[in-house]
Every structure is written in C-alpha cells, then in structure tokens.
Amino acid sequence: MKSGFKKIPKNYEPILTEDGSYTLYSKEFDENLHSTSGADGETKKYFIEDSLLTECNSSPIVIFETGFGIGKNFLEILKNFSKKNIHFISTEIDSNLVTWFMEEYFNKKINLESNIFEDNFSNIKLTILIGDATDLVPQYLSQEKIKINRIFQDPFSPKKNSTLWTAQWFDLLKTHSASDVILTTYSASHSIRENMKNAGWEIENLEGFGKKRSATRARLKNE
C-alpha cells in the first residue's frame, strides 16, 4: 500500500484519512497525529479558518504552535500566506520528525546541532524548539521578546501529553501574547477549557471537525 510519504520516520506508521490525505500514527504515544476524518481538512478548519488568520494585520505575524508533528500547519501557512511576513514558531519533542520533515518536503538533509532549528522560506521564518517545551518555550520567548498573535494548540491529546494542557501552560502563553492573540484547538474538553479560563482566557465554542462536535477558540480577557 502507498503510504503518501516518500519515507516513514522511525516509530511511526502511515494512516490514510477520509479526505484522502495522510497522517502518521505514533507508536510511542499510541495516537494519530491528525483526525482520521481528514488530516488536511482538520488542519485548515482548526488552524486557518478558526484562527481568523486572514484578519490579522500585524507584521510580522507571530504564530506559535504547540506540536509541530509532520508540519501540516506550517505547510498550509507556506501555501496560502507566502506573501505575508510571518514568524512561525513551533515545538517538537521528537528531533527525528524535524529532520524527516525537511528531507520529505524540501529535500534538505539537516544536522541538528542544537535544540533550536531555524530556516527561512521567502517571507516566512520557521523556528522549531526541539525538546521539552515547558523548558524551552519560556526561555526562547523571553530571550527574543516575542509577542504572539496566533496560537495553534495542537499537541497530542490531554490523555497522552497532559503537561501541555495545564493552566500553567496557558498562563505561559498568555504572558507572551499580543493583545490581538487568538488561540485555537481541536480540544473542547471541559477541564481544558477550565484551565484556559483560570489562566485568563475567554472561551468561544466552535463547531468541530469530522466526528468531533465541538472545538475551541480563545482570546485574552479584557483586564
């Protein structure tokens, strides 16, 4: 069976989703990286449409993503927003996915010599923080004095990666966010929304994608 990819990274298996696009299944986390209803469709719905990205007029637009995975969110930005000045910052615990991504999509073999990978794609700068996000993210954002305009909250589910769904995590993101920030995520869990609220976010219920009934959009409370 064709996998949809030229190569498959170690500890992953290809999954064909219902819209004809492929994702990967992580053996380590025992979870797919995208909805089986459609990897491409989910990406466009939650992180392009729900984030109201076309309405953002900042320059650069700073997008922060929790969970790079196989880079679908970034590829969608590159495809549709190449004329915008964008700094796309992401986190990824598995360095193998980063090296795989660059070879798979850009035919570049890279040697990761630090926990920060950076590359430029026309007007779009890509930064990937590789390792434990709870350590790397506050250090990097503070050092670079970055303010975030859009947050793609897209790690593995709270059951599989609970540390990136806590009130402390959402408070950290709030600290480094611009006033116009919008956070979007596939999760509509009551406990996750409570964590967001406790960290100072206002919640908006959105229609989900595929088999999911709901999704979440959040903005900072006016204080």
Side-chain angles (χ1 to χ4, degrees), residues 1-29 31-49 51 53-54 59-133 136-137 140 144 146 150-156 161 186:
M1 184 185 77
K2 293 184 178 181
S3 69
F5 303 109
K6 289 176 282 188
K7 294 182 179 179
I8 306 300
K10 186 179 179 181
N11 295 323
Y12 295 88
E13 294 179 356
I15 301 292
L16 176 62
T17 67
E18 292 175 13
D19 68 0
S21 60
Y22 281 84
T23 187
L24 293 178
Y25 162 78
S26 168
K27 296 177 183 178
E28 179 181 356
F29 285 91
E31 193 166 275
N32 295 328
L33 274 65
H34 297 88
S35 167
T36 56
S37 296
D40 286 354
E42 179 186 47
T43 296
K44 293 173 185 177
K45 200 278 180 186
Y46 292 145
F47 303 113
I48 305 301
E49 297 171 12
S51 72
L53 189 55
T54 57
S59 185
I61 298 173
V62 178
I63 298 173
F64 179 84
E65 173 189 61
T66 310
F68 187 74
I70 58 175
K72 278 192 177 289
N73 294 338
F74 176 72
L75 292 173
E76 196 65 29
I77 294 296
L78 199 60
K79 177 182 177 182
N80 294 291
F81 295 87
S82 61
K83 295 182 180 179
K84 294 277 191 178
N85 182 11
I86 293 176
H87 187 184
F88 191 99
I89 306 166
S90 190
T91 67
E92 180 51 56
I93 197 169
D94 186 353
S95 62
N96 292 322
L97 280 181
V98 180
T99 55
W100 169 85
F101 171 81
M102 291 303 296
E103 186 171 358
E104 178 76 15
Y105 291 102
F106 300 101
N107 199 29
K108 289 185 180 181
K109 291 188 177 182
I110 60 172
N111 293 315
L112 296 175
E113 298 177 353
S114 73
N115 55 17
I116 298 179
F117 170 76
E118 292 189 311
D119 204 346
N120 290 294
F121 301 80
S122 186
N123 297 319
I124 300 176
K125 178 180 179 180
L126 172 64
T127 299
I128 306 177
L129 308 178
I130 304 166
D132 186 341
L136 294 172
V137 170
Y140 177 81
E144 299 297 321
I146 286 172
R150 293 294 186 272
I151 298 172
F152 299 169
Q153 177 67 12
D154 195 24
F156 285 111
N161 196 0
Y186 63 85

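The backbone N or O of Gly69 lies less than 3.5 Å from a partner atom in the side chain of Glu92, making a donor-acceptor pair. A donor-acceptor pair under 3.5 Å is absent between the side-chain atoms of Glu13 and the main chain of Lys27, judged by distance alone.
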- Query: Given the rule in the side-chain contact (heavy atoms from CB on, under 4.5 Å) test, do Ile130 and Phe68 qualify, once you have shown the distances and angles that lead to the verdict?
  - Reply: CA-CA 10 Å; Ile130 304 166; Phe68 187 74; over 6 Å; no

- Stepwise, does the side-chain contact (heavy atoms from CB on, under 4.5 Å) test hold for Ile77 with Leu53? CA-CA 10 Å; Ile77 294 296; Leu53 189 55; 3.3 Å; yes

- Given the rule in the side-chain contact (heavy atoms from CB on, under 4.5 Å) test, do Tyr105 and Phe5 qualify, once you have shown the distances and angles that lead to the verdict? CA-CA 9 Å; Tyr105 291 102; Phe5 303 109; 3.6 Å; yes

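The shortest heavy-atom contact between Ser26 and Phe156 is CB-CZ, 3.7 Å. Taking both residues in full, the closest heavy atoms of Lys108 and Asp119 are given as NZ-OD2, 2.9 Å, listed atom of the first, atom of the second, then distance. Of all the heavy atoms in Leu16 and Gly20, the pair that sits closest is CD1-O, 3.6 Å. When all heavy atoms of Ser122 and Ser82 are compared, the pair lying nearest together is OG-O, 4.2 Å.
If you look at Phe74 and Phe121, their ring centroids are closer than 6.0 Å. Tyr12 has its ring centre no less than 6.0 Å from the ring centre of Trp100.
One finds the CD atom of Glu31 at 13.0 Å from the CG atom of Leu24 (value rounded to the nearest 0.5 Å). A distance of 9.0 Å separates CG of Leu136 from OG1 of Thr91, quoted to the nearest 0.5 Å. We find the CG-CZ distance between Leu126 and Phe106 to be 8.0 Å, quoted to the nearest 0.5 Å. The line from CD1 of Ile146 to CD1 of Ile89 is 3.5 Å long, rounded to the nearest 0.5 Å. The CG atom of Asp94 sits 7.5 Å away from atom CG of Asn11, with the distance rounded to the nearest 0.5 Å.
Ring orientation note: the planes of Tyr140 and His87 are nearly perpendicular, at an angle over 60° on the 30°/60° scale.
Side-chain atoms of Met102 and Phe117, non-hydrogen and from C-beta on, do get closer than 4.5 Å to each other.
The only member of Ile48, Ile61, Asn123 that meets side chain to side chain contact (heavy atoms under 4.5 Å, CB included) when paired with Phe81 is Ile48.
Between Glu118 and Thr127, the side chains place a donor N or O and an acceptor N or O closer than 3.5 Å (distance only, hydrogens not considered).
Heavy-atom neighbours of Lys6 NZ from other residues, nucleotides or ligands within 6.0 Å: above the threshold of 12.
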Contacts table for residues 32-41: side-chain donor-acceptor under 3.5 angstrom, sequence neighbours left out:
unit_1, atom_1, unit_2, atom_2, d
His34, ND1, Thr23, OG1, 2.6
Ser35, OG, Ser37, N, 3.0
Asp40, OD1, Lys72, NZ, 2.7

